[in-house]
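Read through the structure below, which is laid out as structure tokens, and then see the notes.
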Amino acid sequence: QVQLTESGGGLVQAGGSLRLSCVASQPILSRQSMAWFRRTPMKDREFIAAIRWGVSSTQYADSVKGRFTVSADNAENTMYLLMDKMKPDDTAVYFCALDTDYGWGFTPPTPYIMYDYWGQGIQVTVES
């Protein structure tokens, strides 16, 4: 069992920035992927961003492209999400997730069903 722990959430003003962290309880192996999803009352597990370990390829939802950046620290088994130019619509509970399959595609998967392990979620609130 892999445990994922998110941190870094909170309250921010529109236009501001936050950085989320997700620490895995064991090493993430090359070609596995990690992702960020978010949940609002209107959308359940909306894909936000993902990164494939080893090749560092990334994927972003159109709604966050150019504002959010996903990155990884292999040595610390940690994935980050730097959120810039935040909007009230970014208000949500953010989850990190791990896909343990050794995918052979270059880009990480985006459907939530591909991800095996999930963090507990962390609240992010953007005030206008």
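Put simply, Val93 and Phe37 are part of the same group of oily side chains (I, L, V, M, F, W, Y) that touch within less than 4.5 Å, one to the next. Follow the hydrophobic side-chain contacts under 4.5 Å out from Trp36 and you never reach Tyr80; the two are in separate clusters. Cluster membership check: Tyr94 does not share its hydrophobic cluster with Tyr115, using side-chain heavy-atom separations under 4.5 Å among Ile, Leu, Val, Met, Phe, Trp and Tyr. There is no path of hydrophobic side-chain contacts, each under 4.5 Å, that joins Met114 to Tyr117.
By the 4.0 Å N-to-carboxylate-O rule, Arg67 lies close enough to Asp90 to be salt-bridged with it. Between Asp62 and Lys65 there is a salt bridge, with a side-chain nitrogen of the basic residue lying less than 4.0 Å from a carboxylate oxygen of the acidic one.
Minimum heavy-atom separation, Tyr102 to Leu29: OH-CD1, 2.9 Å. Here the closest heavy-atom approach between residue Gln26 and residue Gln1 is recorded as OE1-O, 3.7 Å. The two residues Pro109 and Ala50 come nearest to each other via the heavy atoms O-CB, 4.0 Å.
Judged by distance alone, the side chain of Gln32 and the main-chain N or O of Thr100 form a donor-acceptor pair under 3.5 Å. Looking only at distances, no side-chain donor or acceptor of Glu76 sits under 3.5 Å from a matching main-chain atom of Val23. Between the side chain of Ser25 and the main chain of Gln3, a donor-acceptor pair closer than 3.5 Å is present. Checked by atom type and distance alone, the side chain of Tyr60 pairs as donor or acceptor with a backbone atom of Val70 at under 3.5 Å. Looking at Thr91, its side chain does come within 3.5 Å of a backbone N or O of Val126 through a donor-acceptor pair.
Rounding to the nearest 0.5 Å gives a distance of 5.5 Å between OG1 of Thr5 and CD of Gln120. Taken from OG in Ser33 to CD1 in Ile51, the straight-line distance is 9.0 Å, to the nearest 0.5 Å. Ser57 OG to Arg52 CZ: the interatomic distance, rounded to the nearest 0.5 Å, is 6.0 Å. Note that CE of Met79 and CG of Leu4 are 7.5 Å apart. Values are rounded to the nearest 0.5 Å. Here the CD1-CG distance, from Ile122 to Leu18, works out to 9.0 Å after rounding to the nearest 0.5 Å. Taking CZ of Phe68 as the start and OG of Ser17 as the end, the distance is 9.5 Å to the nearest 0.5 Å.
Side chains of Met34 and Ile28 form a contact here, defined as non-hydrogen atoms less than 4.5 Å apart.
Applying the disulfide (SG to SG under 2.5 Å) rule to pairs touching residues 28-80 yields nothing, sequence neighbours excluded.
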Would you mind writing out the side-chain donor-acceptor pairs for residues 40-47 within the sub-3.5 Å range, not counting sequence neighbours?
from: Thr40; atom 1: OG1; to: Met42; atom 2: N; distance (Å): 3.2
from: Thr40; atom 1: OG1; to: Lys43; atom 2: N; distance (Å): 3.0
from: Glu46; atom 1: OE1; to: Arg38; atom 2: NE; distance (Å): 3.0

Q.
Working note: Leu81 + Thr69, criterion side-chain contact (heavy atoms from CB on, under 4.5 Å); need CA distance, chi angles, decisive distance, verdict.
A. CA-CA 6 Å; Leu81 184 69; Thr69 304; over 6 Å; no
* Would Asp101 and Arg31 count as a side-chain contact (heavy atoms from CB on, under 4.5 Å) if you check the C-alpha gap in whole Å, the side-chain angles of each, and the deciding distance to 0.1 Å? -> CA-CA 8 Å; Asp101 286 343; Arg31 305 209 66 84; over 6 Å; no
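Aromatic rings from Phe95 and Tyr112 are positioned such that their centres are separated by 6.0 Å or more.
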